[in-house]
Amino acid sequence: MSHKYWVAGMLPMAVFAHAETNTPSIDDTMVVTASRFEQPVSTVLAPVSVLTRSDIEELQANSLVDALKTLPGIEIGQSGGRGQLASIFLRGTNSNHVLVMVDGVRLPRTMLGTIDFNMLPLNTVERIEVIRGSGATVYGSDAIGGVINIITRNDAEGTRFGIGGGSFGSASANAGVTQKLSDDVSMQFMGGLESTDGYNVRPDIAPVDDEHGFESKNVSLRLSYAPSENWSSNVVGRWYENEVGFAGGLGEKRYLWVESKSIGADSGYTAGKWNTLARIEVGEQKNYDYEEGSSPSADSLTSEIRQIYSSLTSRYQARDNFALTAGVDLTLEKYLDGSFISADSIQDNPRQNIGVFGLANWNITDSILLEGSVRHDDNDQFGGNTTGLVAAGWDVNDDYRIFGSYGTAFKAPGFDKLYGSSGNANLKPEKSENIEVGIEGVTYDVNWSLNGYINTIDNLIVYSGNWPDGMQENVEEARIKGVELIAGFDLGPIYNEISAELRDPKDVTKNEQLARRAEKLAKWRTSTRVSDVLLGTQFMYQGERPNFSGGDVLGSFSVWDVTAQYDINDNITLGGKVSNLFDKEYETAGDYPAAERAFYVNLNFAY
């Protein structure tokens, strides 16, 4: 079993004095999200969590939500079971205050401003990196609470296949093959299918026999060209299509249907002290909303959006103890069609954003690391926004490290906030300041970290007034104070990971707790191997929190999952999971009960 990201403060600090590539490492001690290039996690002066592919399989995760909910700092608000809309709250910030990327490219969120994590296929994921705290100086808008980078699989030559099934009529199948076409060229194909009958996610208003299910299919193709050790390039195409049932306003059964497709290319080259990476990607997404018995059509199209993203980033290793990184990126967001917003009402369509950033890492001594970065974004609609970060880390000795940082971030309003039914074209970007201090170390074989932070968000966008005559306005301020304790240790043959968080997520203007953000959160994960069987448990506690501003309070809850994985041989693995072991009744979103106790099994082949 892997010991995940507890290595963060346990390695001597050193600036990145080794050759880099644009291919993400699967080494637990390396991350690519903090600076856009691979670097030791010990040089990242911010709390980092990493889930590798083996972690995802050990968790028997059915979705990205299943995987992400086990990590520190993350809360989930989900409108029912598999496939239903799910929001991620990172460190108490809003669900649209986290930057979500796939392979370093931001996901398009022009229309709704949020990402539905249920819609992203888990079978294509190699690892997930989460950086908590401001990350806007490298990536621009959205990273007020942090950054989630979903890195897709790029397997070595081989073939794999998996099938699974379980409660609620769940069934899934996925396959992948990577094949060398020549010494320099390889091809990878991946595909997956999933379906579940689901359950009644709104029993208070929907007919008692209704079930709200989910169907998904996805395909991806990658061509890789690596003519030398210092040059590699990829062309990647991805497509997925999902349909999820839900209860309409009167309880009638309706369906949301989404199709997403993208094609992109990247090329990385290393020469001496220089490492350069170029990317470009074009993505489109269509969303439909229709009643039972209908199908996607022009009449049910709610939105069609397109995003074009390109970037050029270089790192210069000036000395062994000093590195400079700089880059420029261009994002074009265009609303093409749909009933949600009238395209004619959008002032800047497409909306263009050009960002330029610089980052410096300097080991003043063997034990002191300084980092400074600045970024300027020039947006067609909002003009210029400048963000910055300063951070310092000190290795007190071989076992302990102290670090601190101050960073700013911003969030540009989505087209929904600007031009939707309650839109306000005069909205300003939300802005934040994040102050953080932390200490981490190894004490009696316990790897631990203790972090404290204050994140202040100004120009918070809220719906103001009485429905349906109100509108979106920049009227509020939020301040989130928090302390998080994270530890990893062995108790005999059992490995343990725990996190405990106390925070005050407050709407300062109204002097009330932010909706669906708890003041207390705890998680505990265990794993142990008995011969060829890997056994595990996952525990989560979430305290009371309001369902919405001035609304009902959602009760606290605690949930246990158990997992098992049996290595039949070197190529075949059988897995099983019981989620919500004690059949707890609880809600992470008001009036949407979470799934009852459920059972899942899967069989995976790899050759």
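Residues: numbered from 1 along the sequence shown.
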| said: Please check this pair: side chain of Arg106 against backbone of Ser141, looking for a donor-acceptor N/O pair closer than 3.5 Å. | reply: yes
| Any salt bridge between Glu194 and Lys217, counting N to O under 4.0 Å? | no
| task | Anything under 30° is parallel, anything over 60° is perpendicular, the rest tilted; go ahead and classify Trp560 against Phe539. | result | tilted
| field | Test item: side-chain donor near acceptor, Gln60 and Asn602, under 3.5 Å | value | yes
| field | Short side-chain donor-acceptor distance under 3.5 Å, Asp552 and Asn547 | value | no
| query | Can you check whether Arg597's main-chain N or O pairs, donor with acceptor, with Asp583's side chain at less than 3.5 Å? | reply | yes
Could you pull out all donor-acceptor pairs under 3.5 Å where a side-chain atom in residues 288-296 meets a protein atom, sequence neighbours excluded?
{"from": "Asp289", "atom 1": "OD1", "to": "Arg254", "atom 2": "NE", "distance (Å)": "2.9"}
{"from": "Asp289", "atom 1": "OD1", "to": "Arg254", "atom 2": "NH2", "distance (Å)": "3.0"}
{"from": "Tyr290", "atom 1": "OH", "to": "Glu243", "atom 2": "OE2", "distance (Å)": "2.3"}

| said: Measuring from atom CD of Glu126 to atom OG1 of Thr152, what distance do you get when rounded to the nearest 0.5 angstrom? | reply: 8.5 Å
| task | For the pair His212 (side chain) and Val201 (backbone), establish whether a donor and an acceptor sit closer than 3.5 Å, ignoring hydrogens and angles. | result | yes
| task | State the CG-CG distance between Asn349 and Leu336, to the nearest 0.5 angstrom. | result | 7.5 Å
| note | dist Ser558:OG -> Lys523:NZ (nearest 0.5 Å) comes out at 14.0 Å
| With distance as the sole test, does Arg91 use its side chain to make a donor-acceptor pair with the main-chain N or O of Gly73 at under 3.5 Å? | no
| request: Could you please spell out the steps behind the side chain to side chain contact (heavy atoms under 4.5 Å, CB included) verdict for Ile148 and Ile128? | output: CA-CA 7 Å; Ile148 297 176; Ile128 303 169; 4.1 Å; yes
| Gln78 backbone acceptor or donor facing Thr588 side chain under 3.5 Å | yes
| message | Can you tell me how far apart CD (Gln472) and CG (Asp416) are? Round to the nearest 0.5 Å. | response | 7.0 Å
| Salt bridge Arg529-Asp567, side-chain N to carboxylate O under 4.0 Å | yes
| query | salt bridge (Lys or Arg N to Asp or Glu O under 4.0 Å) between Glu129 and Arg127: does it pass, once the steps are laid out? | reply | CA-CA 7 Å; Glu129 297 180 0; Arg127 67 192 272 128; 3.0 Å; yes
| Would you find more than 12 non-hydrogen atoms of other residues, nucleotides or ligands less than 6.0 Å from Trp524 atom CH2? | no
| field | Ion pair Arg238/Asp103, N-O distance below 4.0 Å | value | yes
| said: Using only atom types and a distance under 3.5 Å, with no angle test, would you say the side chain of Arg503 pairs donor to acceptor with the backbone of Ala518? | reply: yes
| query | Under the 3.5 angstrom rule, does the side chain of Arg351 hit a backbone N or O of Lys334 as a donor-acceptor pair? | reply | no
| said: Do Glu501 and Lys520 make a side-chain contact, defined as non-hydrogen atoms from C-beta onward lying under 4.5 Å apart? | reply: no
| message | Could you tell me if Thr302 and Asn287 have a donor-acceptor pair between their side chains, going purely by distance under 3.5 Å? | response | no
| task | State, without any angle test, whether Arg222 and Ser186 hold a side-chain donor-acceptor pair at a distance under 3.5 Å. | result | no
| message | Is it the case that the side chain of Gln188 and the backbone of Glu157 share a donor-acceptor pair, with hydrogens and angles ignored and the cut-off at 3.5 Å? | response | no
| message | Quick one: does any side-chain atom of Tyr240 pair with a main-chain N or O of Val258 as donor and acceptor, under 3.5 Å? | response | no
| query | Is a side-chain donor or acceptor of Ser49 paired with a backbone partner of Pro72 at a separation under 3.5 angstrom? | reply | no
| Evaluation steps, salt bridge (Lys or Arg N to Asp or Glu O under 4.0 Å), between Lys584 and Glu596 | CA-CA 7 Å; Lys584 285 276 189 174; Glu596 60 189 22; over 6 Å; no
| request: May I ask you to say whether Glu284 pairs ionically with Arg306, meaning some side-chain N is under 4.0 Å from a carboxylate O? | output: yes
| field | Nearest-0.5 Å distance, CD of residue Glu497 to CG of residue Asp55 | value | 7.5 Å
| said: Is it the case that over 12 heavy atoms from other parts of the model lie below 6.0 angstrom from the CG atom of Asp204? | reply: yes
| said: Could you check whether any side-chain heavy atom of Ile56 comes within less than 4.5 Å of a side-chain heavy atom of Leu122, counting everything from C-beta outward? | reply: yes
| task | Determine whether the side chains of Asp561 and Ser579 contain a donor N or O and an acceptor N or O closer than 3.5 Å. | result | no
| Testing Tyr199, Phe599, Tyr600 for ring-ring contact (aromatic ring centres under 6.0 Å, His included) with Phe168, which one passes? | Tyr199
| query | Just wondering, are more than 12 heavy atoms of other shown residues or ligands nearer than 6.0 Å to CD in Glu585? | reply | no
